[in-house]
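For reference, the structure discussed in these notes is given below.
We're numbering straight along the sequence, starting at 1.
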Amino acid sequence: CCRSSALMSLLPDSSKLSIDGRSSTTTTSVWPSRSVSMSLKKPVPALAQAKPKLVVVGGGPGGATIAKYVARDSHGAVEATLVEPLRQFITCFHSNLYLGGFRGWESMLHSYDELASKYGVKLVHQAAQAIDRDKKSVRLADGTQLAYDRLVVAPGSDLKFESVPG
């Protein structure tokens, strides 16, 4: 329900409507002496139209999950791009198991490669430098502009240990 409506909001209006606006009419008999006419429009995807572009800045649990599910659930109808400078994610969710000696360090590392190979997410291993909301673009560390239709900013959290005395 919610995921489907969120995906539909990413699709351009023309992909949800008939291209030529034609409708077929069917007549059915309700009473022996009366009939009702209905107009039926079948949705047809727009031809030669670019895919809507979702750019996700930040490859932590939130950003990577959003990119994965939009790419997967849209079945290729939405171009999902993940902007993350690191090539691996180090999870903190199981860090206590590592510190306690129950898990190895390698189990804490996760590659982004499966997002690309299995789900079709485009990976950009650079830092985002600026967001231009008016132009709907993200400037990357090398100066490249990355256009978007929808943007998710998921930079994660960062601890400031010095902010708490003691």
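- For the atom pair Q129 CD and T144 OG1, the distance stands at 11.0 Å (nearest 0.5 Å).
- Looking at heavy atoms from C-beta onward, D113 lies out of side-chain contact with L115 at the 4.5 angstrom threshold.
- Using modelled atom types, one side-chain atom of K136 and one backbone atom of D149 make a donor-acceptor pair closer than 3.5 Å.
- Put simply, the side chain of V138 reaches to within 4.5 Å of the side chain of Y148, judged on heavy atoms.
- Taking CG from L123 and CD from E114, the interatomic distance works out to 11.5 Å, rounded to the nearest 0.5 Å.
- In the hydrophobic cluster analysis, where Ile, Leu, Val, Met, Phe, Trp and Tyr join through side-chain heavy atoms closer than 4.5 angstrom, F89 is grouped apart from V57.
- Hydrophobic clustering keeps L54 apart from V153 (ILVMFWY residues linked when any side-chain heavy atoms are closer than 4.5 Å, directly or through intermediates).
- The line from CH2 of W105 to OG of S95 is 9.0 Å long, rounded to the nearest 0.5 Å.
- The two residues P85 and A127 make their nearest non-hydrogen contact at CB-N, 3.9 Å.
- Residues V124 and L82 are members of separate hydrophobic clusters, defined by side-chain heavy-atom contacts under 4.5 angstrom among Ile, Leu, Val, Met, Phe, Trp and Tyr.
- Grouping the Ile, Leu, Val, Met, Phe, Trp and Tyr side chains by contacts below 4.5 angstrom, directly or via other members, places M108 apart from F102.
- Side-chain atoms of V152 and V55, non-hydrogen and from C-beta on, never get closer than 4.5 Å to each other.
- When side chains are defined from C-beta on, E79 does not count as touching P52, because their heavy atoms never get closer than 4.5 Å.
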Problem set entry | Worked check of side-chain contact (heavy atoms from CB on, under 4.5 Å) between R87 and S111 | CA-CA 6 Å; R87 300 220 174 250; S111 169; over 6 Å; no
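- When atom types are taken as modelled, the side chain of Y112 and the backbone of G59 share a donor-acceptor pair closer than 3.5 angstrom.
- For the pair V121/T81, no side-chain contact is recorded, criterion being any heavy-atom separation below 4.5 Å from C-beta on.
- A distance-only check finds a donor-acceptor pair linking the side chain of Q126 to the backbone of D142 [under 3.5 Å].
- Using a 4.5 Å heavy-atom cutoff, the side chains of I131 and L151 are in contact.
- For K53 (side chain) and R150 (main-chain N/O), no donor-acceptor pair under 3.5 Å exists by modelled atom type.
- When only modelled atom types and interatomic distance are considered, S137 and Q145 share a side-chain donor-acceptor pair under 3.5 Å.
- In this structure, H110 contributes its side chain and I90 its backbone to no donor-acceptor pair below 3.5 Å.
- S107 places no side-chain N or O within donor-acceptor distance of the main-chain N or O of R103, the cut-off being under 3.5 Å.
- For the pair V83 and L140, the minimum side-chain heavy-atom distance is below 4.5 Å.
- Taking each heavy atom of T65 and P61 in turn, the nearest pair found is OG1-O, 2.5 Å.
- Contact between P165 and S163 at its shortest, heavy atoms only, is CD-O, 3.7 Å.
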